[in-house]
Amino acid sequence: MISLRDDAEVGAPTPFQLEVEAVFSETGILSGAASFEYRPEQQRMAGAVARTLERGTHIVVEAGTGVGKSLAYLVPAVLHALRTKRKAVISTHTIALQEQLMFKDIPLVQKIVPGEFEAVLLKGRHNFLCTTRLSRTLAQAKDLFTPVQHAELERIREWGLTTRDGSLSDFLEQPDPAVWEEVRSEQHLCTPKTCGPASGCFYQALRRRVATAQVVVLNHALFFTLLNGVEDAENRTGGLLFANDFAIFDEAHTLEEVAARHIGMEISQLGLRRSLQRLYNPRSKKGLFQLLKNGPACRAVADVLPVADSFFGDVAKGCEFRKGREFRVREPDLADGSEICSALARLGELASIESGKCKDDTHISELQESARKLRAARSAISDFLALADPGHVHWVEQYGRSEQFCTLRSAPVDLADTLRRLVFREGACTVLTSATLSIGSPDLSYFRNRVGADGVPALQIGSPFDYARQMSLHLVQKMPEPKSPGYESSLADWIARFTEKSEARAFVLFTSYQTLRSVAELSEPVFEKRGWQLLAQGSGMPPQRMLQEFRQNPHTVLFGVSSFWTGVDVPGEALSSVIITRLPFATPDHPLTEARLEAIESEGGRAFESYSLPEAILRLRQGVGRLIRSKSDTGTIVILDSRILSKPYGRSFLQALPKCPVEIH
């Protein structure tokens with residue numbers, strides 16, 4: 001019997017596979033690149049990707065840190081796209097990897113492959129200025145905006161004259177959301193017909209480039225948002241997002257979580273309020289209905305706004321936010337939605353009727369879009385209150401500081417079947433890769449089963465790094481368990497001890513902001529005495545700025561939570577130690593995690609062994625992976641959770657880590 005791992009490479013190599021492997025050989029065309037270093041692991045991965053693309057099938061590849069995954073899939077992807085006229089869709093999780101692809105790896109591939117190709121970075125349309133909508137809004141500004149908002153609109157206009165790509169990332173100071181919403185690209189308002197080449201519309205210009213590009217780079221969130229909008233996606237005979245494409249998912253370990261957020265439903269109190277206020281804002285006396293001098297319609301909106309807030313207030317009253325900001329809804333009819341649903345239906349109909357009376361195409365399209373959004377909101381509220389889909393988990397999320405607001409959310413409990421039908425169906429072609437997909441088995445079965453790739457061949461390729469020489473692992477048996485008295489003060493003591501050995505230059509990774517803040521407060525005087533800088537996530541500095549500071553100042557310790565466990569790259573001596581304060585078990589009180597655990601138990605499984613432990617192992621591997629980023633890196637991993645030694649499941653964590661010297665304290 002052929003194992004899934006062997007099946008990824010079984011049979012004689014194909015001509016395309018051999019051609020791609022030759023590119024990565026010691027004398028191949030890549031060998032002339034200044035940064036090239038022959039890596040048999042990279043060559044093997046590139047060959048497997050080439051074989052998969054040629055066959056038009058699927059593959060899951062775990063390739064350890066240092067393999068050079070991006071080039072290993074980019075070269076075969078570009079060659080295949082050029083020869084077959086199929087579009088290569090490259091999806092990542094982090095902005096950092098997108099930037100690496102667009103500004104480092106793809107330019108290198110453009111120099112070495114025969115034939116020219118264009119690569120485009122695709123961002124969500126709400127990020128882009130629509131110049132057609134801007135022109136219309138400027139003409140109607142007095143009826144739509146207050147003087148302060150009018151000044152903000154003028155700032156956007158001036159920015160639009162000099163911006164490079166017309167996207168929010170090009171803004172130094174982000175615009176007022178209420179004003180930006182009136183000028184950004186919207187699906188039914190910014191179209192190829194309304195925003196032709198002469199309009200200068202930034203989003204439509206991007207879409208025209210995407211249409212002809214051979215390579216499109218985007219993030220997982222946008223991929224699943226767009227996939228959700230593809231009509232009859234699971235019955236398409238070719239391609240996923242485009243008529244004839246193939247997809248490569250890098251950082252694939254995040255796929256399940258991202259897909260769950262974007263395949264589910266979401267309706268926010270503030271979002272609905274903004275949709276209503278676009279028609280009429282009673283405070284500013286501005287809006288579309290005011291522009292059209294429709295007094296009864298303005299009064300109708302003014303009547304609906306408090307009804308909407310009252311509904312969300314009733315929702316909040318029906319929730320007990322004891323464990324955090326989320327409350328899981330288990331029974332239908334959490335609140336009475338009849339009044340808000342009726343009000344939204346009437347207002348949507350009013351907007352449609354008004355659009356039929358208009359002679360101005362601009363007003364017609366804006367009113368029709370408002371009517372569509374109100375109908376969608378009504379439907380979403382109705383479905384949420386009825387718990388219409390038994391395969392979804394439903395919850396309410398609370399947010400806001402000075403004032404509390406609610407968002408209604410739902411997501412599939414089990415995404416495997418959905419992704420199997422959408423992403424891994426016959427006729428589509430996908431490559432999934434990451435440095436951390438395995439929890440110990442080379443067939444990558446846990447990850448494959450979670451994302452519906454259980455029938456997809458798997459390949460595990462080790463790292464070229466010499467971990468036995470480059471890294472040491474320190475386990476602290478004397479640490480009290482997390483719920484013990486004195487836990488946080490012990491954490492601070494051990495962190496002080498190990499950072500002294502590394503002379504700062506350390507990431508300290510936490511699983512909760514609360515513990516991070518408490519330990520930071522205890523640690524700051526110690527670090528100040530040594531002349532070190534402490535960077536603590538959540539203190540106001542953006543994560544990218546924290547990384548920049550960390551790289552520039554050699555006497556720095558960085559305390560971080562979720563975003564620093566994965567996707568962060570600090571090669572060299574700047575990072576010499578990674579200290580993990582606690583084994584990263586997911587908190588079972590989040591509704592989606594709780595529902596997943598319940599589903600496993602209801603089918604006779606054991607939730608801890610089947611979900612909680614594997615997820616924590618993958619997370620720990622991600623955190624450990626921050627340390628060794630090149631063949632010259634050296635350093636220490638410290639795990640300040642004694643359960644890795646005292647509990648039977650500790651062996652599973654240790655077996656999944658790179659083999660290196662271990663010291664127990």
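This chain uses plain numbering: 1 for the first residue, then up along the sequence.
Ring geometry for Phe249 versus Phe223: interplanar angle over 60°, hence perpendicular rather than tilted (30 to 60°). Using bins of under 30°, 30° to 60° and over 60° for the plane-to-plane angle, the ring pair Phe171/Trp180 lands in the perpendicular bin.
Salt-bridge formation is not detected for the pair Asp245/Arg86: no Lys NZ or Arg NE/NH1/NH2 atom is positioned less than 4.0 Å from an Asp or Glu carboxylate oxygen. Look at Arg83 and Glu19 and you find a salt bridge, because one of the NZ, NE, NH1 or NH2 atoms lies within 4.0 Å of a carboxylate O, short of that distance. Using a cutoff of 4.0 Å between basic side-chain nitrogens and carboxylate oxygens, Asp414 and Arg450 are not scored as salt-bridged. Look at Glu152 and Arg155 and you find a salt bridge, because one of the NZ, NE, NH1 or NH2 atoms lies within 4.0 Å of a carboxylate O, short of that distance. A salt bridge is absent between Glu37 and Arg39; no separation between the charged side-chain nitrogens and carboxylate oxygens falls under 4.0 Å. Using a cutoff of 4.0 Å between basic side-chain nitrogens and carboxylate oxygens, Glu182 and Arg136 are not scored as salt-bridged. Ion pairing between Asp569 and Arg629 holds under the 4.0 Å rule for side-chain N and carboxylate O.
Closest non-hydrogen pair, Ala260 versus Leu415, comes out as N-CD1, 3.3 Å.
Taking the six-membered ring for Trp, His80 and Phe246 have ring centres closer than 6.0 Å.
The residue from Thr433, Thr92, Asp105 that alone fulfils the side-chain hydrogen bond (donor to acceptor under 3.5 Å, both in side chains) condition with Ser70 is Asp105. Residue Glu186 forms a salt bridge (charged side-chain N to carboxylate O under 4.0 Å, His left out) with just one option from Arg125, Arg372, Arg278, and that option is Arg278.
Open room surrounds CD on Glu116; 12 or fewer heavy atoms of other groups in view lie less than 6.0 Å from it.
In this structure, CD1 on Ile267 lies 11.5 Å from OG on Ser410, to the nearest 0.5 angstrom.
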Problem - CA sep, side-chain torsions, deciding dist, call: His253, Thr566, side-chain hydrogen bond (donor to acceptor under 3.5 Å, both in side chains) - result: CA-CA 10 Å; His253 57 278; Thr566 181; 3.2 Å; yes
Exercise for the section: Check the pair Tyr203, Asn127 against side chain to side chain contact (heavy atoms under 4.5 Å, CB included), reporting the backbone distance first and the verdict last. Expected result: CA-CA 9 Å; Tyr203 182 72; Asn127 286 288; over 6 Å; no
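Side-chain N/O atoms of Glu54 and Thr14 include a donor and acceptor closer than 3.5 Å. A side-chain donor-acceptor contact under 3.5 Å links Glu251 and Thr94. Residues Ser135 and Thr132 have side chains that never bring a donor and an acceptor to within less than 3.5 angstrom of each other. The closest side-chain donor-acceptor pair between Gln548 and Gln544, if any, does not fall under 3.5 angstrom.
Under the 4.5 Å side-chain criterion, counting only non-hydrogen atoms from C-beta, Arg420 is not in contact with Val451. Taking 4.5 Å as the limit, every side-chain heavy atom of Ser25 sits out of range of all side-chain heavy atoms of Leu30. By the 4.5 Å heavy-atom criterion applied to side chains, Phe128 and Arg184 are not counted as neighbours. A heavy-atom distance below 4.5 Å is found between the side chains of Phe117 and Ile106. Inter-residue side-chain proximity for Val456 and Thr430 is flagged as unmet; no heavy-atom pair is nearer than 4.5 Å. Looking only at side-chain heavy atoms (C-beta outward), Val60 and Leu459 stay at 4.5 Å or farther from each other. For the pair Ile90/Val216, no side-chain contact is recorded, criterion being any heavy-atom separation below 4.5 Å from C-beta on. Side-chain contact between Arg51 and Phe16 is absent, with no heavy atoms from C-beta onward closer than 4.5 Å.
Lys87 places no side-chain N or O within 3.5 Å of a backbone atom of Ala247 that could act as its donor or acceptor partner.
Taking the ring centre of Phe145 as origin, the terminal cationic atom of Lys286 falls outside the region bounded by 6.0 Å and 45° from the ring axis.
For His363, the ring pair (Phe, Tyr, Trp, His ring centres under 6.0 Å) test picks out no residue, with sequence neighbours left out. In this view, Arg208 satisfies the side-chain hydrogen bond (donor to acceptor under 3.5 Å, both in side chains) rule with no residue, not counting sequence neighbours.
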